[in-house]
Amino acid sequence: MMQISDTYNQKHSLFNAMNRFIGAVNNMDQTVMVPSLLRDLPLEMEEKDGVNNSNGAANYFARRDMHGYYILLKSIRNDIEWGILQGDERKKDKVSSMDISRLEDADGEEDLEKQFHYHLTGLHTVLSKLTRKANLLTNRYKEEIGFGSWGH
């Protein structure tokens, strides 16, 4: 019984989620020989969950073509594999769904464990979605070039 539980936990570990994502992006990168063919092709949504963010993120991703996803997924893979440069002047993301200051206890002390679990859950969710996007892009590219049954 312990082994079944360990296997389940390993399947849902952040390390394995990162490996699945990197593997999916590597597969996408090896499959897509002509990235420019992806321009202006919409990435059909794998699933319509109807979730809309108040910050318009759903609209942003709805406008992105397959080439944009290709570049985004490769960039995220590189950030995971090589880290983000210290001098990087990227915008710092604001947490919109939950204010981190609410994770303080009554004494005003930070609850680092709650913050860690909050961010870990969020990172795992994002990596899973990005992995699905990479796999979907790979399959759509194969369909577009006429090799829908490649690798199967």
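Numbering of residues begins at 1 and proceeds along the displayed sequence.
- Within the 4.5 Å cutoff, the side chain of Val25 has no heavy atoms near those of the Ile76 side chain.
- Pairing each heavy atom of Asn16 with each of Ser13, the nearest pair is N-OG, 3.1 Å.
- Contact of the Tyr141 side chain with the Met28 side chain is not registered, since no non-hydrogen atoms from C-beta on lie closer than 4.5 Å.
- Between Leu37 and Glu144, the closest side-chain pair of non-hydrogen atoms is not below 4.5 Å.
- No path of Ile, Leu, Val, Met, Phe, Trp and Tyr side chains, each step under 4.5 Å between heavy atoms, connects Leu123 with Phe15, placing them in separate hydrophobic clusters.
- Looking at Asn78 and Ser75, their side chains never bring a donor and an acceptor atom within 3.5 Å of each other.
- Side-chain contact between Leu73 and Phe21: present, with at least one pair of heavy atoms (C-beta onward) separated by less than 4.5 Å.
- Distance alone, capped at 3.5 Å, places no donor-acceptor pair between the Asn27 side chain and the Gly23 backbone.
- Between Asp29 and Lys74 a salt bridge is recorded (basic side-chain N to carboxylate O distance below 4.0 Å).
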What do the steps show when you test Ile145 against Val34 for side chain to side chain contact (heavy atoms under 4.5 Å, CB included), and what is the final call? CA-CA 10 Å; Ile145 62 171; Val34 186; over 6 Å; no
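- Between His67 and Ser36, every side-chain heavy-atom pair lies at or beyond the 4.5 Å cut-off.
- In this structure the side chain of Asp65 never reaches within 4.5 angstrom of the side chain of Leu43, judged on heavy atoms.
- Side chains of Leu137 and Lys133 form no contact here, defined as non-hydrogen atoms less than 4.5 Å apart.
- Here the shortest heavy-atom pairing between Thr31 and Thr138 reads OG1-CG2, 3.7 Å.
- Linking Ile, Leu, Val, Met, Phe, Trp and Tyr residues whenever their side-chain heavy atoms come within less than 4.5 Å places Met33 and Leu136 in a single cluster.
- In this structure, Trp82 is not a member of the same hydrophobic cluster as Met18, with clusters built from ILVMFWY side-chain heavy atoms closer than 4.5 Å.
- Atom CZ of Arg77 and atom CD1 of Ile22 lie 8.0 Å apart (nearest 0.5 Å).
- Looking only at distances, no side-chain donor or acceptor of Arg39 sits under 3.5 Å from a matching main-chain atom of Met66.
- Residues Lys114 and His117 are not in side-chain contact: their nearest non-hydrogen atoms beyond the backbone lie 4.5 Å or more apart.
- The two residues Ala17 and Thr131 have their closest heavy-atom pair at O-OG1, 4.3 Å.
- Residue-environment remark: CD (Glu113) stays at or below the threshold of 12 foreign heavy atoms within 6.0 Å.
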